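The shown structure was predicted, so the numbers you read here are calculated from the model rather than taken from an experiment. If you read the sequence from its start, that first residue is 1, and numbering goes on from there.
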Amino acid sequence: MDKVIETDALIVGAGPCGLFQVFELGLLDIRAHVVDTMPAIGGQCVELYPDKPIYDIPAYPVINARELVERLLEQIEPFEPQYHLGQEVRELSREDEKWFRVATAAGTRFRARAVIIAAGVGSFQPRRMRLKGADRFEGTQIHYRVRDSADFDGARLVVLGGGDSALDWVLALNEKAAGLTLIHRRAEYRAQPASVAKMHELCEAGKMQAHQGQVVGLIENGGRLTGVEFQDLRGERHTVEADQLLIFWGLSPKLGPIAEWGLNLEKNQIPVSTETFETNIEGIYAVGDINTYPGKKKLILSGFHEAALAAFAIRHRLYPEEKIRLQYTTTSSVMHERLGVKD
């Protein structure tokens with residue numbers, strides 16, 4: 001029989017909120033194992049938007065997603081979390097009043113006294129282009145995410161979409177591309193108004209083009225994608241040269257096995273108590289975009305707050321007879337010892 005890993009806390013999700021959960025638990029002397037379906041640490045934040053600038057992280061006027069994850073990993077290093085990547089949690093069941101049994105698709109098994117779900121929107125897949133031949137260029141000339149913005153330096157770039165992701169990358173890549181065209185299916189954009197205004201400024205300055213319509217064909221020559229054909233809102237057809245095509249039509253979120261764990265769900269989100277961030281199942285908590293409660297805001301900052309309160313609730317669950325004293329990392333010798341700080 002394979003070994004069962006025993007842990008006080010198991011975190012499902014290795015994105016920013018899951019990583020900060022490690023930190024908050026560690027401050028309270030609770031060690032954790034972390035499981036994620038992604039093959040690398042960072043979750044959807046790094047997988048989809050590694051170079052996207054983030055402006056609302058305290059003390060950082062601007063930081064990109066990849067750097068944020070690197071800083072979080074540095075912060076939680078003293079607590080030596082154990083990672084189990086590329087593994088989807090398939091089974092979760094209660095063993096008794098104190099323990100849960102958890103198993104992944106890879107066969108890793110855990111006994112955990114508390115489970116924290118920090119799985120973002122769950123498993124997801126980008127909405128893909130269905131045009132004939134599109135799959136042949138996927139990963140080489142057709143992309144649904146940006147792994148390295150340098151890949152588009154000097155390219156004739158066409159971006160499809162009208163949400164924040166599309167506009168963010170239009171603004172970020174405009175100076176790097178040899179030519180940039182944005183195509184959206186209607187005149188109204190779902191992105192932040194400031195981003196839309198900046199995009200229009202670039203168009204007026206002749207630094208890029210924007211069209212409304214639907215891509216109806218791919219143009220190729222010698223086995224390479226060389227452009228796209230689109231139909232505008234009047235039904236007229238046009239062609240645009242392209243070396244690279246970026247598609248941001250949104251994600252299709254799926255909870256996957258999480259939906260079968262007996263948790264209450266509201267529109268694929270998990271309702272929680274705002275005092276403890278515990279779900280309807282005692283001992284299972286949810287932080288970050290996966291949870292919902294009155295006034296919920298889907299911000300990384302909010303997820304950090306939720307992780308802090310969940311950690312105190314978990315400490316009380318594990319050691320109900322102990323009184324938990326709030327200690328400050330600036331002055332507490334206990335906190336300094338846990339963090340490896342020399343007084």
Side-chain angles (χ1 to χ4, degrees), residues 3-36 38-43 45-46 50 54 56-87 102 108 110-120 276-277 283 285 287-288 299-343:
K3 179 182 177 182
V4 176
I5 299 170
E6 194 168 289
T7 179
D8 280 335
L10 181 70
I11 300 169
V12 182
C17 293
L19 297 178
F20 194 68
Q21 186 70 74
V22 171
F23 179 77
E24 289 297 327
L25 289 170
L27 289 179
L28 297 175
D29 202 26
I30 301 170
R31 305 292 167 144
H33 283 250
V34 183
V35 181
D36 200 297
M38 299 290 185
I41 296 171
C45 193
V46 167
I54 304 171
D56 59 353
I57 301 299
Y60 288 98
V62 59
I63 186 170
N64 66 37
R66 182 184 286 112
E67 185 182 359
L68 174 61
V69 168
E70 290 172 353
R71 298 286 77 78
L72 285 165
L73 287 173
E74 181 181 351
Q75 186 178 35
I76 66 179
E77 189 175 352
F79 305 122
E80 301 178 338
Q82 302 296 305
Y83 300 101
H84 309 269
L85 304 175
Q87 300 189 45
V102 182
T108 307
F110 303 90
R111 289 182 79 229
R113 296 178 67 187
V115 176
I116 306 97
I117 303 172
T276 62
F277 292 91
Y285 305 78
V287 300
L299 299 170
I300 295 174
L301 178 66
S302 300
F304 289 169
H305 157 79
E306 295 162 10
L309 293 189
F312 279 94
I314 292 166
R315 176 73 192 189
H316 178 70
R317 171 179 169 79
L318 268 54
Y319 306 101
E321 70 286 352
E322 293 184 8
K323 184 176 181 180
I324 304 175
R325 285 195 310 116
L326 180 62
Q327 302 185 64
Y328 299 103
T329 57
T330 51
T331 57
S332 169
S333 59
V334 173
M335 292 290 135
H336 289 178
E337 182 180 351
R338 291 172 184 170
L339 289 166
V341 175
K342 294 182 179 180
D343 291 322

*Would Val12 and Ile116 count as a side chain to side chain contact (heavy atoms under 4.5 Å, CB included) if you check the C-alpha gap in whole Å, the side-chain angles of each, and the deciding distance to 0.1 Å?*
CA-CA 6 Å; Val12 182; Ile116 306 97; over 6 Å; no
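The ring-ring contact (aromatic ring centres under 6.0 Å, His included) contacts involving residues 7-32 comprise Phe20-Phe23, Phe20-Phe304, Phe23-Phe79, where partners must be two or more places apart or lie in separate chains. Here side chain to side chain donor-acceptor pair (under 3.5 Å) pairs that include residues 4-30, with residues two or more places apart or in two chains, are Glu6-Arg111.
With His336 contributing its side chain and Thr329 its backbone, the two residues share a donor-acceptor pair below 3.5 Å. Here the side chain of Arg113 pairs a donor or acceptor atom with the backbone of Leu318 at under 3.5 angstrom. At distances below 3.5 Å, not a single donor-acceptor pair connects side-chain atoms of Gln327 with backbone N or O atoms of Ser332.
Shortest non-hydrogen contact noted between Cys17 and Ala307 is O-CB, 4.4 Å.
Counting non-hydrogen atoms of other residues, nucleotides and ligands closer than 6.0 Å to NE2 of His316 gives a total of 12 or fewer. Surrounding CD of Glu322 are more than 12 heavy atoms belonging to other residues, nucleotides or ligands, all under 6.0 Å away.
Side-chain atoms of Ile314 and Phe312, non-hydrogen and from C-beta on, never get closer than 4.5 Å to each other.
The line from CD1 of Ile76 to CD1 of Ile41 is 7.0 Å long, rounded to the nearest 0.5 Å. Taken from CD1 in Ile57 to CD1 in Ile300, the straight-line distance is 4.5 Å, to the nearest 0.5 Å. Interatomic distance, CZ of Arg338 versus CG of Leu28, reported as 7.0 Å (0.5 Å rounding). Considering NE2 of His84 and CD1 of Ile11, their distance stands at 11.0 Å, rounded to 0.5 Å. Ile63 contributes atom CD1, which lies 7.0 Å from atom CD1 of Ile54 (distance to the nearest 0.5 angstrom). Taking CG of Leu27 as the start and CE of Met335 as the end, the distance is 5.5 Å to the nearest 0.5 Å.
Annotation: Tyr83 is not in aromatic contact with His33 [ring centroid separation under 6.0 Å not met].
When each of Val34, Val35, Ile117 is tested with Leu10 by the rule side-chain contact (heavy atoms from CB on, under 4.5 Å), just one qualifies, namely Val35.
A salt bridge links Glu67 with Arg71: the distance from a Lys NZ or Arg NE/NH1/NH2 to an Asp or Glu carboxylate oxygen falls below 4.0 Å.
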